[in-house]
Each structure stands twice: as C-alpha cells, then as structure tokens.
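First up is the structure itself, then whatever we jot down about it.
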Amino acid sequence: MPELPEVETIVREFRPRVEGRTIRAFRSLWRRQVQPSLAMFRRRVTGKRVERLWRRGKFIVADLAPGGHFLIHLRMSGRLEWPAAGEAEPRRLRAVWDFEDGARLWFVDARKFGRIVYTENLAPLTNALGPEPLDASFTCARLAALLAARRRRLKPLLLDQATLAGLGNIYVDEALFRARLHPLRRSDQLAPDEVGALRRAIRSTLREAIRRNGTSLDWIYPSGRMQDYLRVYGRDGAPCVECGGPIEALRVGQRGTHICPRCQPLRRADGAP
DNA sequence: TGAATTGTTATCGT
DNA sequence: AACGATAACAATTC
C-alpha cells in the first residue's frame with residue numbers, strides 16, 4: 001500500500017541505480033498493466049537512457065533521453081527489485097527492464113493492480129493531480145482554497161489524488177489525528193486555525209514517515225519503521241497517546257478509519273464553526 | 001469466507 | 001446541471 005513516503009523512499013533507493021543506465025529490452029509478464037500497449041511501450045523505451053528518476057504523488061516517474069517518460073504506479077502491492085547477477089526470478093514478477101550493462105530492474109506485483117505507462121507528455125498527469133503536500137507552494141492559503149471550494153467530508157477529500165497528491169489511508173488518518181480533526185468534518189467548515197493545523201499535520205506526518213523510510217505492515221513493503229510510530233492507524237482499542245482514551249475504528253467512504261473520539265470531536269468544544 | 005487494499009469509472013441522489 | 005456519495009471492479013492474501 002505504498003503512499004507518498006514509501007514511494008519517496010523507493011525512488012531514493014533506486015535513483016542511483018537507474019539514472020544514467022540505458023534500456024536494452026523490456027519484458028512484461030502481465031501485459032494488461034502496460035500502457036498504452038506493450039508493443040508501444042517497448043518501442044518507445046528501448047534504447048533510451050534514464051535521465052532522472054523522481055516522484056509525483058504516488059507515481060514513480062522516469063525521464064528518458066532522448067525524450068519521453070515512463071511512469072510506474074505501485075497501487076496496492078507493486079514493488080521494485082534490483083536483483084544480483086544470476087538471481088532467480090521471483091514469483092509474481094510482472095515486468096523486467098534489462099539495461100545495457102547487464103543490470104536489471106524488476107517489477108513484482110502480487111495483485112496486478114500496478115500500472116506501467118509510457119507518455120510523451122507529462123502535463124495531463126501532472127494537471128490531473130493536486131499539489132504536492134511537501135512543496136513550498138502548498139501554503140495555508142492554497143489548502144484553504146482547496147477545502148473551501150468543496151463541501152466534502154475531510155477524509156475522502158484528502159484521499160482524492162486530484163485534490164492533494166500522495167496521501168493514502170494510513171497518512172490521512174494520522175494527519176487528521178495530529179490536526180485534531182474528525183474525518184467526517186465538512187471541508188468548507190474549518191476555521192482558519194484548523195486549516196493551519198491540518199497543513200502542519202499533513203507535512204509533519206509525511207516528513208516523519210519519510211525519515212523512517214515509510215510504514216511496513218506486511219510483506220509488500222518490508223523496510224520501513226514508521227509502523228512503530230503510528231498514533232491511530234491500526235491501533236483501535238489501544239490507548240490514545242494524547243488522552244489515554246481508546247482509539248476507535250469506523251468506516252468512512254468504505255475505508256477503514258481510526259480516530260480518537262475525544263481528541264477529534266465532530267463538533268468543536270468551543271462551538272466555533 | 002469475507003474483509004481489506006488503490007484508483008478509476010459508472011450510477012444514484014440531491 | 002453540477003456535485004457528492006456510493007458501488008463495482010481489477011486480483012490476491014490471510
């Protein structure tokens with residue numbers, strides 16, 4: 001379930017491996033994941049050098065020379081691997097990039113939800129995504145405008161990649177807890193100080209998660225340590241780190257959601273709107 | 001066995 | 001009509 005911090009960690013790990021290498025061949029073992037088509041992808045990618053590996057929201061982006069980009073979205077269970085020479089191919093291997101010097105990049109994906117896309121033009125993707133929460137341009141005013149333009153519940157809105165890029169289920173719950181906001185609060189009804197708290201909470205949560213190399217809850221993403229520092233996600237029944245009351249689980253928009261009902265009241269204690 | 005997971009798309013309701 | 005909420009879907013694991 002890689003979200004922004006996990007994707008960022010993966011990009012940092014793979015950047016020095018992939019950048020500067022030239023693709024000799026590409027192979028897909030589940031062609032439905034490859035867009036616009038396997039033939040097109042292979043044609044546009046082979047012989048090109050990876051100039052830069054970076055991240056936009058939860059997308060891994062590879063800039064190619066001369067021209068074009070490929071994107072990898074890991075969705076639920078996608079993983080990248082950098083095998084040693086002669087290493088046996090793993091189960092669930094879905095795609096292979098062979099580089100000219102013999103190095104390889106593996107895409108492993110149990111649930112086959114991941115996507116591998118070639119595009120000439122990144123603008124449609126970038127425009128379809130909301131702002132990067134860690135960019136300097138993600139100001140209080142920007143967030144306030146996003147929230148005020150909609151009348152949606154906070155959690156589904158923050159999960160919506162077109163509103164804000166990179167948050168998933170875990171970090172939305174964590175950010176809302178840090179901001180002391182209930183996930184069902186309506187986006188257009190936050191006071192200015194609550195918007196400021198939400199921005200700070202989103203950024204501090206993501207920064208801490210990146211510092212800890214992301215959250216590892218299962219075999220899909222093994223190397224993070226943030227799971228030991230989550231305050232609400234997956235802690236239902238356990239005591240709140242702030243007030244000691246029990247963390248509760250509920251469902252919001254078909255998503256498992258974790259809150260401290262005392263620290264995150266639906267209505268403000270002071271009655272402010 | 002059913003619940004859980006992401007993001008897209010279709011559909012229903014206001 | 002536009003927006004928001006909801007359901008279905010792709011596929012697999014535990």
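Convention: sequence-line order gives letters A, B, ...; per-chain numbering from 1.
- Straight-line distance from the NZ atom of A:Lys155 to the C1' atom of C:dT6: 16 Å, rounded to whole Å.
- When distances run from any side-chain atom of A:Arg153 to the nucleotides C:dG4, B:dG7, C:dT6, the shortest one goes to C:dT6.
- Across the protein-nucleic acid pair, A:Ile116 atom CD1 and B:dG7 atom P stand 16 Å apart, rounded to whole Å.
- Residue A:Tyr233 has a polar side-chain atom (N or O) positioned under 4.0 Å from OP1 or OP2 of B:dT5.
- Salt bridge A:Asp98/A:Arg24: absent, no basic N to carboxylate O contact under 4.0 Å.
- Ion pairing of A:Asp160 with A:Arg152 is present here, as a side-chain N (NZ or NE/NH1/NH2) and a carboxylate O approach within less than 4.0 Å.
- The nearest whole Å value for the distance from the CG atom in A:Leu93 to the P atom in C:dA11 is 18 Å.
- Side-chain N/O atoms of A:Arg75 include none lying less than 4.0 angstrom from OP1 or OP2 on C:dA11.
- Straight-line distance from the CG atom of A:Asp160 to the P atom of B:dT9: 13 Å, rounded to whole Å.
- Phosphate contact (OP1/OP2 of B:dG7, side-chain N/O of A:His73, threshold under 4.0 Å): present.
- At C:dA11, one or more side-chain N or O atoms of A:Arg32 fall inside 4.0 Å of OP1 or OP2 (strictly under the cut-off).
- Remark: ring of A:Phe113 not stacked against base of C:dA11; the cut-offs of centroid gap under 5.5 Å and plane tilt under 30° are not jointly satisfied.
- A salt bridge is defined here as a Lys NZ or Arg NE, NH1 or NH2 lying under 4.0 Å from an Asp or Glu carboxylate O, and A:Glu8 with A:Lys58 fails to meet this definition.
- Across the interface with DNA chain C, nearest-nucleotide mapping of A:Arg91 and A:Arg152 shows A:Arg152 to be the residue nearer the 5′ end.
- Between A:Arg251 and B:dA3 there is no side-chain N or O to OP1 or OP2 distance below 4.0 Å.
- Nucleotide B:dT6 holds its P atom 18 Å from the CZ atom of A:Arg79, rounded to whole Å.
- Protein atom CD of A:Gln161 is 14 Å distant from nucleotide atom C1' of B:dT5, rounded to whole Å.
- Distance A:Arg151 CZ to B:dT14 C1': 11 Å, rounded to the nearest Å.
- Regarding contacts with the backbone of C:dA10, every side-chain N or O of A:Arg111 stays at 4.0 angstrom or more from both OP1 and OP2.
- The side chain of A:Arg150 contributes no N or O atom lying less than 4.0 Å from OP1 or OP2 of C:dA5.
- In this structure, A:Lys112 reaches the C:dT12 phosphate: one of its side-chain N or O atoms is under 4.0 Å from OP1 or OP2.
- Here A:Asp101 pairs with A:Arg21 in a salt bridge; the nearest charged N to carboxylate O distance falls below 4.0 Å.
- In summary, A:Asp109 and A:Arg75 do not engage in a salt bridge, as defined by a charged side-chain N under 4.0 Å from a carboxylate O.
- Rounded to a whole Å, the CG atom of A:Asp236 is 13 Å from the C1' atom of B:dA4.
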